[in-house]
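Only a predicted model underlies this, so the values are computations on that prediction, with no experimental measurement involved. Here is the naming used below: chain letters follow the sequence lines, and residue numbers restart at 1 for every chain.
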2 protein chains.
Amino acid sequence: MNTVRGARERARIEVTAAIKDEARRQLAAEGAAKLSLRAVARQLGMVSSALYRYFPSRDELLTALIVDAYDSAGAAVETASADAAGAPPRTRWLAAATALRAWALAHPHEYALIYGSPVPGYRAPQDTVGPAARVADVFIAVIREAHTGPGLALPPLPAGLRAEAERMTEDFARGLPPAVTAALVGVWAQLVGLISFEVFGHFQNVVTESERDRFFAHHADRLAREVGLPGPAPAA
Amino acid sequence: MNTVRGARERARIEVTAAIKDEARRQLAAEGAAKLSLRAVARQLGMVSSALYRYFPSRDELLTALIVDAYDSAGAAVETASADAAGAPPRTRWLAAATALRAWALAHPHEYALIYGSPVPGYRAPQDTVGPAARVADVFIAVIREAHTGPGLALPPLPAGLRAEAERMTEDFARGLPPAVTAALVGVWAQLVGLISFEVFGHFQNVVTESERDRFFAHHADRLAREVGLPGPAPAA
DNA sequence: GTCTATAGGCGGATAGAC
DNA sequence: GTCTATCCGCCTATAGAC
């Protein structure tokens, strides 16, 4: 009885995975807006109504794909950061940023799903906020570690932003100097913007493909400086 | 005869405009991927086949919308830059950046069309490259003007990027110091990224809505510094 | 859990009359 | 330029048998 239950559960997990895999393939071909349960079923040799036993609606399938994408990106960035443990903070930042870019280039459609234009008509449920934070948290952790000693020099914040920066710090970056938190939030958006431009093709005819690694490294490093990280060569 | 021809042409222009207007409304409701000639026709009280006299295919309609969006954004930014003529370069940069953000927030779906995820299955024809350059050219012009005198201090470029920076300069930013061109391209992507994060909702629960103007100004100004623009108060 | 069948839609594109 | 008619395809979702 237990083994039967186990077998059934295993089967369910396998079918669920197959559905998501096929859905990801369709994402690449047609985009999230046109993701269709029927087409997935057809490709899998099932009948569309059978899928409803696994995902109660198209949107739930989409949610699962979004959560998976955040987790996949998060894992990639976490690994890169862990591999660079002990390295100077700026090196570690660069490793994390490079890992995110590499993941984005390797999974452009899943990247678009989480950092591109919102899917029209889709309302992200609460389930996505945890996974969404995972990637950003790696960058926060890298910076937090660099700031355990005396705070690093960062130009003082304009008076009008101080209260907001303190609130943000309290909310999701406890322990950082508020000026660093404020810088980080903007820099994070800019880092994703840099990656998006490349993934979405806006560097075509602008930045030569063979130079893009270097180009990205240059700018990602500049962004590290903006959040107050000292250079790889320990700056006195 | 001439008046008849004139009347016909006028009618054609009006209908074409009505089609694009309705298409823009649909863009907002359903997204570019689901833009449908049939639905546009239905809403306009026409029959779908009639639209083919104005746009030979769905993709041509989409192209028209993209070109219009680039032009609309370009005009907004150009106006802001012209209004700030004579102001210190950094003020002018900020005016242009702020205008782009305001346009984006006022036209989120058209913004997504040009700076968001690519529309699956749609191949941008050559017609879009001219209008696409229009917005970026305003920023190039602002910087060019600031650099007519002696070049501004910007940290030297890593050796590996020098050749690429010189090529870019030659291609679309003639007259700028190569280090500035290289900075500008990355900064431009980052500026758009900053705007995208806000427009696409990634600042929800992160940056308080009432603080976003200030937050953007802070970071846009930081970006101006990164391309070598001197501050609003003329720095000796 | 999977199937068939069904309801009640939607789409792009073309031909040929007026 | 606009119409009707048509081809041929697509979709979400549910009911009810097995």
Side-chain angles (χ1 to χ4, degrees), chain A residues 1 3-65 119-123 125, chain B residues 1 3-65 119-123 125:
Chain A
M1 184 110 168
T3 67
V4 173
R5 176 102 137 262
R8 268 191 200 157
E9 267 162 29
R10 235 174 298 129
R12 180 160 241 286
I13 287 168
E14 265 169 40
V15 176
T16 304
I19 292 171
K20 291 199 288 188
D21 280 350
E22 178 55 35
R24 266 185 282 269
R25 235 164 279 141
Q26 292 210 8
L27 215 59
E30 301 287 346
K34 286 191 181 161
L35 175 64
S36 127
L37 287 186
R38 248 184 139 100
V40 170
R42 201 171 26 240
Q43 207 62 31
L44 256 42
M46 303 170 81
V47 96
S48 67
S49 56
L51 287 205
Y52 285 84
R53 299 279 165 186
Y54 296 87
F55 296 95
S57 75
R58 200 200 81 122
D59 277 13
E60 303 259 347
L61 173 55
L62 208 49
T63 298
L65 296 179
V119 182
Y122 172 80
R123 280 278 309 159
Chain B
M1 182 114 170
T3 67
V4 173
R5 176 101 137 266
R8 266 189 202 159
E9 266 163 31
R10 235 174 297 130
R12 180 162 240 286
I13 288 168
E14 265 169 39
V15 176
T16 304
I19 292 171
K20 291 199 289 189
D21 281 350
E22 179 55 36
R24 266 185 282 269
R25 235 165 280 140
Q26 292 210 9
L27 214 59
E30 300 286 348
K34 285 191 181 161
L35 175 64
S36 128
L37 287 185
R38 255 183 133 100
V40 170
R42 201 169 27 241
Q43 207 62 31
L44 256 41
M46 303 170 80
V47 99
S48 67
S49 55
L51 287 205
Y52 285 85
R53 299 281 163 183
Y54 296 88
F55 295 96
S57 75
R58 198 201 83 120
D59 277 13
E60 303 260 345
L61 173 55
L62 207 49
T63 298
L65 295 179
V119 181
Y122 171 80
R123 281 278 309 158

- Query: Counting just side-chain N and O atoms, does A/R58 come under 4.0 Å of either OP1 or OP2 of D/dC11?
  - Reply: no
- Query: Side chain of B/S49: nearest nucleotide among D/dA15, D/dT2, D/dT4?
  - Reply: D/dT4
- A/Y52 OH to C/dT2 C1', in whole Å, measures 15 Å
- d(CG, A/L44; C1', C/dT2) in whole Å: 14 Å
- Message: If the cut-off is 4.0 Å, is A/R38 near the phosphate of D/dT12, judged by side-chain N/O to OP1 or OP2?
- Response: no
- Query: Nearest-Å distance, CD (B/E14) to C1' (D/dG1)?
  - Reply: 15 Å
- Examine C/dG11: is either OP1 or OP2 under 4.0 Å from a nitrogen or oxygen in the side chain of B/R42? Give yes or no. yes
- Between A/F55 (CZ) and D/dT12 (C1'), how many Å, whole number? 16 Å
- Message: If you assign each of B/A11 and B/S48 to its closest nucleotide in DNA chain D, which residue comes earlier from the 5' end?
- Response: B/A11
- Side chains of A/T63 and A/Y122: closer than 4.5 Å at any heavy-atom pair? yes
- What is the minimum heavy-atom distance between B/A32 and B/L62, and which atoms define it? CB-CD1, 4.3 Å
- Task: Tell me what B/L35 touches on the nucleic acid: a base, only sugar-phosphate, or nothing, going by heavy atoms under 4.0 Å.
- Result: sugar-phosphate
- Message: Any heavy-atom pair between the side chains of A/K20 and A/F55 that's under 4.5 Å?
- Response: yes
- Note on the structure: All heavy atoms of A/P120 vs all of B/G31, minimum pair found to be CG-CA, 3.5 Å
- Task: Return no unless some side-chain N or O of A/Y54 is found under 4.0 Å from OP1 or OP2 of C/dT2.
- Result: yes
- Interatomic distance where CD belongs to B/Q43 and P belongs to C/dC10 [whole Å]: 12 Å
- In whole angstroms, the gap separating P of D/dA13 from CG of A/L37 amounts to 7 Å
- Query: Tell me: CD of B/E60 to P of C/dG12, nearest whole Å?
  - Reply: 14 Å
- Message: Looking at B/R12 and B/E9, is there a salt bridge between them, counting it only when a charged N and a carboxylate O are closer than 4.0 Å?
- Response: no
- Taking CZ from B/R53 and P from C/dT14, how many angstroms apart are they, rounded to a whole number? 11 Å
- Please check the phosphate of C/dG12 (OP1 and OP2 only) for any side-chain N or O of B/S36 closer than 4.0 Å. yes
- Item | Of the listed nucleotides C/dC3, D/dC3, C/dC10, the one nearest the side chain of B/V47 | D/dC3
